[in-house]
Amino acid sequence: MSLKAEIEKRKTFGIISHPDAGKTTLTEKLLLFGGAIQVAGAVKSNKIKKSATSDFMEIERQRGISVATSVMAFEYRGKKINILDTPGHKDFAEDTYRTLTAVDSAIVVIDVAKGVEAQTEKLVGVCRTRNTPMIVFINKMDREGLDGFDLLDEVETKLGMKACPLTWPIGMGQRFKGVYNIYAGNIRLFSAHGKQTEDDTIEISDLSDPSLDTLLGEAAANELREEVDTITQVYPKFDQEAYERGELNPIFFGSAINNFGVKEMLDCFVDIAPQPLPRITEERSIEPEENKFSGFVFKIHANMDPKHRDRIAFMRICSGIFERNTNYFHVRNKKKMKFSNPTMFMASKKNIVEQAYPGDIVGLYDSGNFKIGDALTTGETLTFKGIPSFSPEQFRYINNADPMKSKQLNKGIDQLMDEGVAQVFTKLDSNRKIIGTVGALQFDVIQYRLEHEYGAKCTYEPVAMHKACWISCEDKAALSELKSRRRKNLAVDKDEKLVYLAESAWTLKMAEENHPEVKFYTSSEF
Ligand code: G4P
């Protein structure tokens with residue numbers, strides 16, 4: 001098959017949601033449709049169960065599971081579909097942000113009873129800044145929840161989306177009768193046995209057809225007619241280009257656990273979701289069809305076995321064909337590397353691959369050569385954009401608890417930061433290191449892993465900190481003034497970029513006012 005045909009065959013996407021909305025359940029149903037798994041329950045949730053939020057041994061176990069579910073690939077209607085798993089737990093939000101750099105579209109799962117929740121808002125926000133095309137699946141229609149129109153309102157106001165309902169629910173909870181497929185013009189009747197068949201689908205060419213009253217009962221049929229009438233008046237028609245630009249969001253309703261409404265969405269997804277898209281680098285835009293291979297690392301996963309410190313770097317192929325045992329150029333290290341065991345993950349199975357194409361994700365065994373954001377090419381120097389670090393939300397000084405092991409500690413910190421577990425800032429005035437994380441869990445994970453993988457011990461010390469802001473300043477004099485006046489607030493990140501550590505929102509505001517030539521950013525890419 002030609003490179004072009006391989007590219008056209010692929011759809012690489014991520015499912016995002018607030019924990020418990022049904023992401024794992026939906027993923028599993030999609031894999032069942034694709035034949036990648038045969039029984040329900042085969043996909044282990046990588047979410048950290050509520051009961052385990054303070055138990056980091058459990059997190060370590062969950063980390064092991066999430067290697068297997070990092071990428072789940074399946075074939076459906078002649079397409080190769082790659083689902084990239086995203087951790088739902090908010091303490092691992094940064095992992096999710098980075099994974100979203102490797103997708104071409106996303107499916108957003110919302111719980112009908114809870115509506116739009118905080119984590120969904122955050123993640124959709126990240127996708128919106130990149131104009132990632134998004135489809136919404138409103139889940140758990142077998143339960144009582146918000147009215148369909150109120151949900152569409154929330155989707156528009158809280159998520160800033162332009163809703164375009166492509167299916168519409170007929171009742172909900174006890175009264176849930178099925179969905180009307182606006183996109184395909186048929187009705188699928190709900191039964192909670194979880195095995196929707198073609199017999200449950202009734203073609204409806206015209207909603208005024210009196211057989212609808214017999215099918216649904218007069219009241220429900222009339223309600224559906226009225227609602228669909230409102231939808232056609234109020235909401236835009238589906239427009240492929242607007243969806244691809246991230247300006248229109250198809251909405252589907254269903255119940256993942258009952259495998260209901262999922263096929264409607266999958267069939268539509270296969271029709272409309274974008275194939276692998278170009279990627280932006282500082283040097284130029286990379287087109288997938290280019291013959292020369294290129295890819296970037298968006299996620300690094302440490303081995304669970306502390307005796308083997310190798311890691312798996314997950315690389316998204318951006319252009320050309322990636323081949324096993326072929327020399328490629330590691331841009332940051334300026335050296336050639338080849339891979340004898342590049343791996344692709346399919347649900348719980350993994351296979352060594354000979355070739356991979358744009359949109360595919362390969363796992364590369366790594367002994368410490370990769371950092372997040374690293375590029376591999378056939379020789380060209382490319383710097384992929386859009387993989388920024390964001391300001392952490394929690395900060396602590398990290399101290400060495402065993403002076404004999406400072407080398408191990410520093411190595412451990414460096415490697416864990418390369419993996420993206422957290423961020424480290426080294427203060428200019430004292431050289432002390434501050435660890436910044438999104439959630440408190442990572443502090444325990446770091447301490448545990450430093451001890452078990454690197455033989456180093458650390459302690460933490462509280463530090464009052466509000467934000468870390470990356471700074472830029474064209475004016476050399478203004479920059480040196482900031483450096484001399486605010487030295488105690490300045491630090492460098494792991495790439496030696498200058499960062500302003502603000503104790504409070506007020507000190508940040510004052511710094512901005514007192515140093516107008518200096519720009520402060522809450523993300524490392526500006
Ligand atoms: P997540 O990955 O987004 O965190 O959610 P997950 O799929 O694990 O689903 C969260 C809970 O919601 C699970 O119940 C799951 O069974 C349930 N669920 C998913 N889809 C539906 C649906 O369409 N209708 C209803 N009523 N429930 C649904 P749990 O009790 O937390 O876990 P479990 O013991 O069933 O695994």
Side chain proximity check, Leu123 to Tyr97, heavy atoms < 4.5 angstrom: yes

Distance (rounded to the nearest 0.5 Å) between Lys263 NZ and Lys29 NZ: 15.5 Å

Gln275 side chain near Lys11 side chain, heavy-atom distance below 4.5 Å: no

Beyond-backbone contact of Ser255 with Lys140, side-chain heavy atoms, under 4.5 angstrom: no

Whether Thr12 side chain and Gly359 backbone form a donor-acceptor pair below 3.5 Å: yes

Spatial distance of atom CD1 (Ile187) from atom CG (Asp209) [nearest 0.5 Å]: 9.5 Å

For Pro392 against Gly436, the heavy-atom pair lying closest together: CB-C, 3.4 Å

Min side-chain heavy-atom separation Lys9-Met1 under 4.5 Å: yes

Pair Phe149 + Trp168: ring centers closer than 6.0 Å: yes

Over all atoms of both residues, closest heavy-atom pair of Tyr235 and Ala163: CD2-O, 3.4 Å

Parallel, tilted or perpendicular: ring planes of Tyr76 versus Phe33, cut at 30 and 60 degrees: perpendicular

Presence of salt bridge, Glu419 and Lys371, under 4.0 angstrom: no

Evaluation steps, side chain to side chain contact (heavy atoms under 4.5 Å, CB included), between Met315 and Ile361: CA-CA 5 Å; Met315 182 180 65; Ile361 311 296; over 6 Å; no

Presence of salt bridge, Lys122 and Glu393, under 4.0 angstrom: yes

Donor-acceptor contact below 3.5 Å, side chain Asn139 vs main chain Ala256: yes

Donor-acceptor contact below 3.5 Å, side chain Ser319 vs main chain Glu289: no

Closest non-hydrogen atom pair, Leu146 against Gly115: CD1-CA, 3.8 Å

From Leu84 atom CG to Lys299 atom NZ, the distance as rounded to the nearest 0.5 Å: 8.0 Å

Between NZ on residue Lys162 and CD1 on residue Ile251, distance to nearest 0.5 Å: 10.5 Å

Backbone of Thr86 reached by a side-chain donor or acceptor of Lys23 within 3.5 Å: yes

Side-chain (Arg77) to main-chain (Val270) donor-acceptor, under 3.5 angstrom: no

Side chain to side chain contact (heavy atoms under 4.5 Å, CB included) between Phe137 and Val262, intermediate numbers included: CA-CA 8 Å; Phe137 184 77; Val262 177; 4.0 Å; yes

Aromatic centroids of Phe520 and Tyr500 separated by under 6.0 Å: yes

Derivation and outcome, side chain to side chain contact (heavy atoms under 4.5 Å, CB included), residues Ile15 and Leu26: CA-CA 9 Å; Ile15 305 183; Leu26 180 66; 4.3 Å; yes

Salt bridge flag under 4.0 Å for residues Lys80 and Asp360: yes

Single hit among Thr132, Val103, Val108 for side chain to side chain contact (heavy atoms under 4.5 Å, CB included) with Cys127: Thr132

Short side-chain to backbone donor-acceptor contact, Arg128 and Gly246, under 3.5 Å: no

Any donor-acceptor pair under 3.5 Å from Asp104 side chain to Leu277 backbone: yes

Criterion ring-ring contact (aromatic ring centres under 6.0 Å, His included) on Tyr183 and Phe252, from CA distance to verdict: CA-CA 10 Å; Tyr183 181 69; Phe252 290 84; 7.4 Å; no

Parallel, tilted or perpendicular, as decided by the 30° and 60° cut-offs, for the rings of Phe269 and Phe13: tilted

Test side-chain hydrogen bond (donor to acceptor under 3.5 Å, both in side chains) applied to Thr383 and Glu283, step by step: CA-CA 7 Å; Thr383 321; Glu283 292 76 14; 2.9 Å; yes

Parallel, tilted or perpendicular, as decided by the 30° and 60° cut-offs, for the rings of Phe296 and Phe384: tilted

Short side-chain to backbone donor-acceptor contact, His18 and Gln119, under 3.5 Å: yes

Side chain proximity check, Arg175 to Glu144, heavy atoms < 4.5 angstrom: yes

Note, Met344 side chain near Val71 side chain (heavy atom, < 4.5 Å): no

Atom CD of Glu513: over 12 foreign heavy atoms under 6.0 Å: yes

Nearest-0.5 Å distance, NZ of residue Lys158 to CG of residue Leu151: 10.0 Å

Over all atoms of both residues, closest heavy-atom pair of Phe74 and Leu31: CD2-CD2, 3.6 Å

Backbone N/O of Gly420 and side chain of Arg98: donor-acceptor pair under 3.5 Å: yes

Carboxylate-amine/guanidinium contact Lys292 Glu380, below 4.0 Å: no

For the student: nearest non-hydrogen atoms of Leu159 and Ile110, plus distance: CD1-CD1, 4.1 Å

Test item: Asn351 side-chain N/O and Val353 main-chain N/O as donor-acceptor pair under 3.5 Å: no

Arg284 bridged to Glu290 by N-O distance under 4.0 Å: yes

Nearest-0.5 Å distance, CE of residue Met141 to CG of residue Asp111: 10.5 Å

Glu218 atom CD, over 12 foreign heavy atoms within 6.0 Å: no

Contact summary for Ser17 and Val109, nearest pair of heavy atoms: CB-O, 3.3 Å

Tyr357/Phe322 aromatic ring centres below 6.0 Å: no

Full working for side chain to side chain contact (heavy atoms under 4.5 Å, CB included) between Ile286 and Leu382: CA-CA 9 Å; Ile286 309 296; Leu382 294 175; 3.6 Å; yes

